[in-house]
Chemist: 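This is the structure I have questions about; it appears just below.
Lettering follows sequence order; numbering is per chain, from 1.
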Amino acid sequence: MSADDRRDPHTLSTGGGSGDDGDAESGTGDETDDGEPTHHAFWADAVADAVAARDPDDPVVIKGGVSPSGVAHLGNFNEIIRGYFVAEVLRERGHEVRQVFTSDDKDPLRKVPRKLADPDGNIVGLGEVDAGALGRNLGKPYTDIPDPFGEKESYAAHFASLLKADADRLGVPVEMVSNTDLYADGTFEPVVRKALERVDDAREVLGQYQDKVDETYVPFNPVCAECGKVTETVTAVDLEAGTVEYECTGMEAGGNEIEGCGHAGTATFREGKLPWRFEWPGQWGVLGVDFEPFGKDHAEGSWPSGVDIAENVLDVEPPVPMVYEWFTLNGEALSSSAGNIVTVPEILDLLEPEVLRYFFALDPKKARDLNLERLDQLVDRFDRFERAYFGEVDDEELTRFAERAYPFVVEEVREERVRLPYTFAAVLGMVEDPDFREQLARDEGHFDDDTPDWAVADALKRVEKARAWAERMDNEYNYRLQTELPAAEFDADVAAALDDLADFVAAGNDGEAIQGEMYETARRHDIEVSDFFAAGYRLFFDETQGPRLGEFLGELETDFVVDRLRREA
RNA sequence: GGGCCGGUAGCUCAGUUAGGGAGAGCGUCCGGCUUUUAACCGGACGGUCGGGGGUUCGAAUCCCUCCCGGCCCGCCA
């Protein structure tokens, strides 16, 4: 691989070579980094190869990063979970791996977010909090702004704790790192010093990417000692003293002009921040980053400039890069202001964490749509992927991928695990009684006497997810067994047929018999079978359609069914 | 306008790295489960592999070109 290839964030080669090594447990750190590329069914292996080729010191460091915003949403986890898979592959190969996620929390708040997530991750409007406190703090670092919910020490800490909580929910061990801390504890000080020492190089390099860089540009933004805002006018640098002189001139950000206070003062190298274009490669250096995935928005501008600055200003070796495509939600771009957003807790109400991890285990280069309406398709694909791991799917390609990726997707590989098909789980969600749900699943052959209790319990958990999905989408599975008699009128024929059926049920016949009897009864009363079923669905679901009715009724309490068929309760 | 990434069946996608049979699941349709009513089983239908051109005995795959979509190309991150 040439140096150019290594610098190309799109080169996510899945190798070339033999095609199967038969042995998934290949190696404890001494794997084939002999330059001979091997074919990989799982992209994370190809990335791990590239990382290993750098001969990194342990711990290998994998990083992601985010700028604090109002809401931590699923989009932020693209980066975290992609990094996680590479981390896991490297751990399997015997490396110690540290996965960090930096919060760019020394950045100034540029505009007040329209939506915020409360400490539980629920999205709330600005009206729920002291919006004025946010507005008064425009221009200050996120770490200097109070938590709008009054719990954490700052806005930044609030946001970071949300991300951390979501990562925990997904079982991704990630270490949150605060940029502000890196400045405060002196970690960044040598980087600031170097950028200022080599200010001419800094200007020349960054000038190739940003027009505003001129001969007065200084790659350091002090925090004003008077008003606390991040400023951009440095008037002098004293390398010996380790300070800069500045004027608080205010700044323009996103069309907003943030007023400076005019204060002129002195700041140390810890009392300010590097512009992000320097800060990013600076992080690579001080954290020793070996691999970093990033969204496609960074592929063309940020990444090349970061490499350039790392190599030609800061003397830092850039990490192995990887561009990932964005995913859309219900066909539209993620946007918290437009409300097209889903949070981790929200999605975990609808499916298991392993399904979500599976989604992010798929090829990062492909843009995908997370369609909540069709979530059953995603879950079905996961189930198939899981079966492929256990050799139960006749699909060579899928099986090769599953054999490699599946163990990283699930918390624990357990062959006896049972998955109820998602839409079937949604059908079970039409009733509330857990025993009834289990009985229906048993009748359908999903469990047998050998199914361990834990597997039954786990499988039934999906019913709650599918139920939440049916309710949230209000789709064709959103029926609920009616505990009260729905208001309905029936023809005399239909009424008589219902009475007949009630007698049949009262006689103690089972579900299968009831199903058969429904046809007989309808025929006997000379009514359309469809009309008769419709009457049944009306009585039990207050709907015109539903699940296979006879077998369903067979599982319910006999008295309840009889009374309902007689329209008595 | 330039650059990068993507475009395969109605839907969701695999296959493109290394040229050789166009595939899967779901949906649809038909049939089966004594008996149209969404859970189970079988079968069928379904694609100019975005269009065109080229290389090749042979192209979804390589090359050129065009179309469409996303991103980047002032600042910020």
Chemist: Once you round it to whole Å, what is the distance between C1' of U35(B) and CD of Q515(A)?
Modeler: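 Distance, rounded to whole Å: 9 Å.
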
Chemist: Contact class for Y479(A) vs. all strands (heavy atom < 4.0 Å): base, sugar-phosphate, or nothing?
Modeler: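 The residue Y479(A) makes base contact.
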
Chemist: Would you mind telling me which of A14(B), A77(B), G74(B) lies closest to the side-chain atoms of R277(A)?
Modeler: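 Within the option list, the nearest is A77(B).
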
Chemist: Describe the nucleic acid contact of N475(A) in one word from base, sugar-phosphate, nothing, applying a heavy-atom distance below 4.0 Å.
Modeler: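 Nothing, no heavy atom under 4.0 Å.
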
Chemist: Given the P atoms of C30(B) and U56(B), what is the spacing between them in whole Å?
Modeler: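 Taking atom P in both C30(B) and U56(B), they lie 50 Å apart.
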
Chemist: Identify the residue among Y358(A), F359(A), F360(A), F42(A) that makes a ring pair (Phe, Tyr, Trp, His ring centres under 6.0 Å) with F85(A).
Modeler: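 Testing each of Y358(A), F359(A), F360(A), F42(A) against F85(A), the sole residue satisfying ring pair (Phe, Tyr, Trp, His ring centres under 6.0 Å) is F42(A).
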
Chemist: Verify ring pair (Phe, Tyr, Trp, His ring centres under 6.0 Å) between W43(A) and F401(A), making sure each step is shown before the conclusion.
Modeler: CA-CA 9 Å; W43(A) 55 268; F401(A) 171 62; 9.1 Å; no

Chemist: Could you state the CZ-P distance from R368(A) to G70(B), rounded to the nearest angstrom?
Modeler: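 The answer, rounded to whole Å, is 19 Å.
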
Chemist: I'd like to know if Y537(A) reaches the base of A38(B) with its side chain, counting only an N/O donor and acceptor under 3.5 Å.
Modeler: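 Looking at the base of A38(B), it does not pair with any donor or acceptor on the side chain of Y537(A) (distance under 3.5 Å).
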
Chemist: W326(A) has a side chain; which of C40(B), C71(B), A77(B) sits nearest to it?
Modeler: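 The closest nucleotide is C71(B).
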
Chemist: Using the C1' atom as the reference point in each nucleotide, state the distance between C64(B) and A44(B) in Å, no decimals.
Modeler: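 Looking at atom C1' only, C64(B) and A44(B) are 41 Å apart.
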
Chemist: Given the rule in the salt bridge (Lys or Arg N to Asp or Glu O under 4.0 Å) test, do K63(A) and E292(A) qualify, once you have shown the distances and angles that lead to the verdict?
Modeler: CA-CA 5 Å; K63(A) 189 180 104 56; E292(A) 179 153 6; 3.2 Å; yes

Chemist: Name the nucleic acid region contacted by T328(A), choosing base, sugar-phosphate or nothing; use a 4.0 angstrom heavy-atom cut-off, strictly under.
Modeler: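 Answer is nothing: T328(A) stays at 4.0 Å or more from every strand.
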
Chemist: Is a salt bridge present between E352(A) and K461(A), judged by a nitrogen-to-oxygen distance below 4.0 Å?
Modeler: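 Between K461(A) and E352(A) there is no salt bridge, as every charged N stays at least 4.0 Å from the carboxylate O atoms.
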
Chemist: Distance check: side-chain N/O of K111(A) vs OP1/OP2 of C76(B), anything under 4.0 Å?
Modeler: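 No, outside the criterion.
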
Chemist: Between Q283(A) (CD) and A77(B) (P), how many Å, whole number?
Modeler: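 Spelled out: CD on Q283(A) to P on A77(B) is 12 Å.
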
Chemist: Look at E232(A) together with K212(A) and state whether they make a salt bridge at an N to O cut-off of under 4.0 Å.
Modeler: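 Answer for the salt bridge query: yes.
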
Chemist: Does U55(B) have a Watson-Crick or wobble mate here (both distances under 3.5 Å), and if so which one?
Modeler: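 Partner of U55(B): none.
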
Chemist: Are T451(A) and D448(A) linked by a side-chain donor-acceptor pair shorter than 3.5 Å?
Modeler: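 Side chains of T451(A) and D448(A): pair found under 3.5 Å.
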
Chemist: Which sits closer to the 5' end of RNA chain B, D369(A) or H298(A), going by the nucleotide each is nearest to?
Modeler: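 Counting from the 5' end, the first nearest nucleotide belongs to D369(A).
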
Chemist: Between W326(A) and H298(A), is the ring pair (Phe, Tyr, Trp, His ring centres under 6.0 Å) condition met? List the steps.
Modeler: CA-CA 12 Å; W326(A) 292 346; H298(A) 287 312; 8.9 Å; no

Chemist: Can you tell me if the side-chain N/O atoms of Y477(A) get under 4.0 Å from OP1 or OP2 in A39(B)?
Modeler: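 No, no such contact exists.
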
Chemist: At under 4.0 Å between heavy atoms, what does G516(A) touch on the DNA or RNA strands: base, sugar-phosphate, or nothing?
Modeler: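 Result for G516(A) = base.
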
Chemist: Which nucleotide sits closest to the side chain of E520(A): G25(B), U35(B), C75(B)?
Modeler: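 Nearest listed nucleotide: U35(B).
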
Chemist: In whole Å, what separates the P atom of C4(B) from that of C63(B)?
Modeler: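 Roughly 13 Å separates the two P atoms.
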
Chemist: Expressed in angstrom and rounded to an integer, what is the separation of L398(A) atom CG from G25(B) atom C1'?
Modeler: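 Nearest whole value for this atom pair: 10 Å.
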
Chemist: How close or far is atom P of U12(B) from atom OH of Y422(A), stated in whole angstroms?
Modeler: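 Atom-to-atom, Y422(A) to U12(B), this comes out as 18 Å.
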
Chemist: Is V427(A) touching bases, backbone alone, or none of the nucleic acid, heavy atoms closer than 4.0 Å?
Modeler: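 Nothing: the residue V427(A), judged by heavy atoms under 4.0 Å, touches no strand.
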
Chemist: Can you measure E232(A) atom CD to C76(B) atom P for me and round it to whole angstrom units?
Modeler: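 It is 8 Å, rounded to the nearest whole Å.
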
Chemist: Pick one: which of F436(A), F540(A), F533(A) meets ring pair (Phe, Tyr, Trp, His ring centres under 6.0 Å) with F552(A)?
Modeler: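 Testing each of F436(A), F540(A), F533(A) against F552(A), the sole residue satisfying ring pair (Phe, Tyr, Trp, His ring centres under 6.0 Å) is F436(A).
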
Chemist: Using purine N1 to pyrimidine N3 plus N6-O4 or O6-N4 for Watson-Crick, or N1-O2 and O6-N3 for G-U wobble, both under 3.5 Å, which nucleotide pairs with A38(B)?
Modeler: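 In the structure as shown, A38(B) has no Watson-Crick or wobble partner.
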
Chemist: Applying a 4.0 Å non-hydrogen cut-off, can you work out what D395(A) is touching in the nucleic acid: base, sugar-phosphate, or nothing?
Modeler: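 Touches nothing.
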
Chemist: Could you check how far CZ of R381(A) sits from P of A24(B), rounded to whole Å?
Modeler: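 The distance from CZ of R381(A) to P of A24(B) comes to 13 Å, rounded to the nearest Å.
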
Chemist: Considering only atom C1', compute the distance from U28(B) to U65(B) and round it to an integer number of Å.
Modeler: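 To the nearest whole Å, 38 Å.
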
Chemist: Using heavy atoms to find the nearest nucleotide of RNA chain B for L362(A) and R523(A) separately, return the residue whose nucleotide is more 5′.
Modeler: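 The 5'-side residue here is L362(A).
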
Chemist: How would you summarise protein contacts on nucleotides 3-11 of chain B per nucleotide, using B for base, S for sugar-phosphate only and - for none, with heavy-atom distances below 4.0 Å?
Modeler: BSSSS---B

Chemist: So, is Q210(A) near the phosphate of C76(B), with a side-chain N or O under 4.0 Å from OP1 or OP2?
Modeler: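 Indeed, a polar side-chain atom of Q210(A) lies that close.
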
Chemist: For atom P, what is the distance between G51(B) and U61(B), given to the nearest Å?
Modeler: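 It comes out at 10 Å once rounded to the nearest Å.
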
Chemist: Should R524(A) and D526(A) count as an ion pair when the cut-off is N to O under 4.0 Å?
Modeler: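 The answer is no: the pair does not qualify as a salt bridge.
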
Chemist: So for S302(A) and A77(B), does any side-chain atom that can act as donor or acceptor lie under 3.5 Å from a complementary atom in the base?
Modeler: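 In this structure, the two groups form a donor-acceptor pair.
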
Chemist: Can you measure E396(A) atom CD to A22(B) atom C1' for me and round it to whole angstrom units?
Modeler: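 It works out to 16 Å between those atoms.
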
